[in-house]
Amino acid sequence: MNLSVDLGGLQLKNPIMPASGCFGFGKEFSQFYDLSELGAVVIKAATGEQRFGNPTPRVAETPSGMLNAIGLQNPGVDKIMEQELPFLDSYDTPIFANVAGSTLEEYVQVAEKLSQHPTIKALELNISCPNVKEGGIQFGTDPNLAYELTRAVKQVSKKPLFVKLSPNVTDITELARAVEEAGADGLSMINTLTGMAIDKQTRKPLIANETGGLSGPAIKPIAIRMIHQVREQTDLPIIGMGGICTADDVIEFLLAGSNAVAVGTANFHNPLVCKEIIDELPEALKRYKFTSLDELREVAVS
Amino acid sequence: MNLSVDLGGLQLKNPIMPASGCFGFGKEFSQFYDLSELGAVVIKAATGEQRFGNPTPRVAETPSGMLNAIGLQNPGVDKIMEQELPFLDSYDTPIFANVAGSTLEEYVQVAEKLSQHPTIKALELNISCPNVKEGGIQFGTDPNLAYELTRAVKQVSKKPLFVKLSPNVTDITELARAVEEAGADGLSMINTLTGMAIDKQTRKPLIANETGGLSGPAIKPIAIRMIHQVREQTDLPIIGMGGICTADDVIEFLLAGSNAVAVGTANFHNPLVCKEIIDELPEALKRYKFTSLDELREVAVS
Amino acid sequence: MLQQDLSIVSNKVIAKDTYEMVLEGDLVQQIKRPGQFIHIKIGEGFSHMLRRPFSIADYSLETNQLVIIYKVIGEGSKWLSKQSDQSFINVLGPLGNGFEIDHLANQNVLVVGGGVGVPPLYALTKQLSQRNDVKAVLGYQSSDSVFYEEKFNKYANTTVATNDGSYGEEGFVTDVINQMQNQVDYYFACGPLIMLGAIQLQLRDTQGLLSVEERMGCGVGACFACVCEADNEKGYVKICQDGPVFHSNEVTLYESIS
Amino acid sequence: MLQQDLSIVSNKVIAKDTYEMVLEGDLVQQIKRPGQFIHIKIGEGFSHMLRRPFSIADYSLETNQLVIIYKVIGEGSKWLSKQSDQSFINVLGPLGNGFEIDHLANQNVLVVGGGVGVPPLYALTKQLSQRNDVKAVLGYQSSDSVFYEEKFNKYANTTVATNDGSYGEEGFVTDVINQMQNQVDYYFACGPLIMLGAIQLQLRDTQGLLSVEERMGCGVGACFACVCEADNEKGYVKICQDGPVFHSNEVTLYESIS
Ligand SMILES: Cc1cc2nc3c(=O)[nH]c(=O)nc-3n(C[C@H](O)[C@H](O)[C@H](O)COP(=O)(O)OP(=O)(O)OC[C@H]3O[C@@H](n4cnc5c(N)ncnc54)[C@H](O)[C@@H]3O)c2cc1C
Ligand SMILES: Cc1cc2nc3c(=O)[nH]c(=O)nc-3n(C[C@H](O)[C@H](O)[C@H](O)COP(=O)(O)OP(=O)(O)OC[C@H]3O[C@@H](n4cnc5c(N)ncnc54)[C@H](O)[C@@H]3O)c2cc1C
Ligand SMILES: Cc1cc2nc3c(=O)[nH]c(=O)nc-3n(C[C@H](O)[C@H](O)[C@H](O)COP(=O)(O)O)c2cc1C
Ligand SMILES: Cc1cc2nc3c(=O)[nH]c(=O)nc-3n(C[C@H](O)[C@H](O)[C@H](O)COP(=O)(O)O)c2cc1C
Ligand code: FES
Ligand code: FES
């Protein structure tokens, strides 16, 4: 079965990609399978300068999910381009860069640099990271800020721009509309929900940063709802994510209105999950009587 | 161990009560244990007139949680007072009434009637039901509407008023502050998060209403975070809820800043859960080296 | 109504994707009549918050055992199918009211079941046959999904139909009923909503009892998940508490399926 | 590095809340040295999204087996303790670099373990003892939590300390080290952060290798969950990938615990 999809002008072999922050820069997972099998790879967030992130512990398990507060640790955009991208260049799959920052200027600077790099085929604008003090989530919860940031980034980049939306909002369609008006070429949704867990032994939050982002199957119903809501308002391509673990989950996300999907937390559960989902997708589609991905997209819930 | 708590002037035997909508009017669960063992009972939402609720299916399981879209089905406030409250009156535990409506007027009318009934010891104002077309969640996501509604209800009721907050908002502290200023005597949090699940076989939402409210352990980290955030801003008593299944969970909610807790979805998993938690709480407190509930509240994460 | 760990006496495949599980425990003593059901806790811990309802297919107060027959559909029934003998599962039940049959004697009774709607009709047929003349029409997908035909045959004149004609009559149970000559005084049906609606319409001049399914929360009448519109004072019934068996003129199913 | 279902050869209590599990499978062939660890999938389905890291306590390329020793702490280790022989668990490993010991010969070596920090030191001690003189100091809560003393005794001059003095010396491993006369050329330590920090400080003039714990996500170096500040070019190390064993002057633990 032909699994290829057109995602905002990019041609992907299949609709499956690892989600930003859950796959590093690909090197570790390349020990498990050939990254060329992936529809795309979204690399870890890049900021203007090197960041050391939050104190540890940074992760905690929760029922059918996990909290993380990595805090955008990364070597900075220049070192990423120098040290990480050459490795990825050897694979036959489009690389999406995830762009983060504390100020509009930093976002713009990072986006400009990455968009000029030949290995990078698209940008994902991370306006929804709940785990840093500045930037991140503010841009993702205020439609005006989101609009301005998206516009500013569009002005310095010709590569397709996916804006990654935060679920920590009263009305996600408002944000989706704002970034669409600002020129976004697509949407990524959802980022994590802000959560917290308390260690009863120490009587302190389990995550040193106190709060962290909730991901995994626990948030899947929220992701499906939000994607469906946004799909009713826009034709922009959507990369859906939030708790995907199986080919069945992928079908559910496509039915909700996603054009492609990203798999995050499940990579920790099973490092082979993306490859296994790609291998199983044709069977799963047949099980639900779909003869093609196109046919599925036509019946997507609306 | 003395488990009694003072909740906004009401004296409870212990901090455990079933959550509204998950315990009906108590009759069914009274077949499993003596309701007098409970700290309190929160009954199902009452509206001005009888409501038939949403089409079925109304519930669906999700990872470590469930969706529901009952749609406030209830016989109406008059019939509830006539047919349901007399039964509860025979138990030695305070009864909280959950007040719902489509309009400010309806809320006020229901609250006024219930607050005059001798069996009702406190009101829980449900401004956060995501499963009805009108009212409910609008009042819960707009601080101005929440303020006005709370004020209006306070004017007709002398019983302690707990306002039940919706987690489907960008900043829950804003709502908490609004209802506190309007005179709320306490807060209940959290209601369900709006979610959706799609049946891959029928290609339609599993819940006939399309979206439903997500509850259960899946949302616990979000509840804990929100209670903690709100606790930092107010001294109002908080009834914490969202995924509580065990005495350990109760301790986590108390550490986050709750004064008492409500148990919802877990009643479906184990109809004896409230009683079992009450029985196990002293042991659990000792395991974490608490000699009393007061001591726990003093170290609550702040 | 109890919540109790019942021990698994046996758990075996009896047709395609279909299992028969025998459970033992004191809860069995509370079963009043055929058509009641049990609500089973799934998995370890709290990853599955909703129990799964299954009809009591057979029971014996002497042996303290009950039987359920279930089809593997999704996560819950898959988990059930992997539980081994001698282990325990947590059961809430017996729930619901089941089939009232005390008033029936010397009648021509028709029992109609479709797929996993067949199980509750087995204990029913056994009991009905003591005082009535029972005909059973059982519908299945195809030959490999047929189960309990011989068991029914002991107590009732049984016709099996399969959708694809690979066994017994070809077609739906309604086709078989269409061709029946005898007069039916009373009928009982359990199966998919669409089948129940069709039979309710087909036999609208006959009295009958229908066992209805709906997704459930509490299973005990507290959550209002499982309501169904009804011709009564309240305007609705709760399937778990007031049912799952209803009189054919109490609930109108063929409307809700059109 | 592989993801593989290993079969459980045995799983038994060896001290209070402490189990020894023997696993068998081809993944064992990839183990390079003591101190590496495996990352174990917990539960059925997707209710537990994070694996649990456990040190390889012993291994044999001949028998294709490895041993882990684990304490029941929370949901994951509790689940592990309930798994029975002949069943399988999903393992990701071997992970990390373990203890480099090829350069050590004819040295006075000290091995210090606390509680569930003891396991990785067992295979280490076995290997070290082939060419060095090994002293082991093992600290436990109290007498009922002591395990593997005799096994260590075969390869090292072993002192056991318990916090409450109910067995061996009373006090912490640092108290025992304080009283030691012999000169130590090189040391190895694994245990709670607070113990490692204390030893790092106490033996700051001696070279050593520390095995460090941190909550983990991926276990393979991709998620940056398990970083620790370090004196190197990057300013940090990833415990899962660069460790879990570090040179004592690479990571500064006693600062992070004060
Ligand atoms: C009163 C009653 C009696 C039943 N008796 C039997 C029986 O004897 N044999 C049998 O095989 N099946 C019976 N069913 C249907 C059975 O409950 C479902 O097949 C089963 O719950 C599916 O669970 P699952 O986890 O495998 O499927 P999933 O699809 O994973 O289940 C997810 C959720 O949907 C619910 N659900 C799915 N299908 C149904 C359904 N058809 N009816 C109600 N809830 C559903 C589940 O209970 C669960 O909450 C009965 C249902 C009811 C209401
Ligand atoms: C490299 C390494 C080697 C280890 N070797 C051993 C060993 O040989 N024997 C042993 O008993 N324990 C060992 N541990 C600790 C062991 O991983 C934890 O005790 C275990 O994960 C607890 O899981 P749980 O589900 O029982 O506890 P829970 O508290 O329910 O676990 C919840 C989450 O916290 C994490 N977590 C809890 N405690 C720790 C901890 N101390 N370190 C890291 N993560 C933790 C879990 O992995 C899980 O993600 C090791 C840890 C690391 C990092
Ligand atoms: C450990 C971890 C790190 C993450 N880092 C990033 C990041 O750097 N940038 C980003 O946009 N999203 C990041 N995310 C969010 C994921 O990309 C994804 O949106 C979210 O986890 C939901 O998908 P999942 O449930 O499949 O994990 C991170 C998530 C996790 C769990
Ligand atoms: C089936 C169902 C019905 C509910 N009905 C109501 C209701 O009538 N009024 C209300 O305020 N909350 C209602 N709730 C929300 C619960 O009271 C509670 O806030 C929420 O479920 C989170 O707690 P839990 O995770 O313990 O279930 C309902 C929840 C469920 C699952
Ligand atoms: S399932 Fe709760 S009322 Fe029927
Ligand atoms: S656990 Fe992911 S980098 Fe170490």
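Order of the sequence lines fixes the chain letters, A, B, ..., with proteins taken first and strands second; residue numbering starts at 1 for each chain.
- Looking at C:L50, the atoms closer than 4.5 Å to chain B (heavy atoms on both sides) sit in the backbone and in the side chain alike.
- Of the listed residues (B:K79, B:Q50, B:Q73), the one with the most heavy-atom contacts under 4.5 Å to chain C is B:Q73.
- At a 4.5 Å heavy-atom cutoff, B:Q201 makes no contact with chain C through either its backbone or its side chain.
- Ranked by non-hydrogen atom pairs under 4.5 Å with chain B, the options C:G76, C:C226, C:S47, C:G74 are led by C:S47.
- Ring planes of C:F147 and C:Y140: perpendicular class, angle over 60° (limits at 30 and 60°).
- For the residue pair C:E214/B:T56, the side-chain donor-acceptor check at 3.5 Å is satisfied.
- In terms of modelled atom types and a separation under 3.5 Å, the side chain of C:Q36 and the main chain of C:G96 share a donor-acceptor contact.
- Atom CD of C:Q29 is surrounded by more than 12 heavy atoms from other residues, nucleotides or ligands within 6.0 Å.
- For the residue pair B:Y91/B:D34, the side-chain donor-acceptor check at 3.5 Å is not satisfied.
- Annotation: residues 266-278 of chain B contacts chain C through B:A266, B:F268, B:H269, B:N270, B:P271, B:L272 [non-hydrogen atoms, separation under 4.5 Å].
- C:N249 and C:R204 are not linked by any side-chain donor-acceptor pair at a separation below 3.5 angstrom, with hydrogens and angles left out of the test.
- C:D26 and C:N64 share a side-chain donor-acceptor pair at under 3.5 Å.
- The candidate with the highest count of non-hydrogen atom pairs below 4.5 Å against chain C, out of B:K27, B:E28, B:R58, is B:E28.
- Heavy atoms of B:S215 lying under 4.5 Å from chain C are absent altogether.
- Cation-pi geometry between B:K44 and B:F25 is not met: the NZ or CZ atom fails to fall both under 6.0 Å from the ring centre and inside 45° of the normal.
- Looking at B:N74, its side chain does come within 3.5 Å of a backbone N or O of B:L72 through a donor-acceptor pair.
- With chain C as the partner, the residue from B:G243, B:S64, B:G24 showing the most heavy-atom pairs under 4.5 Å is B:S64.
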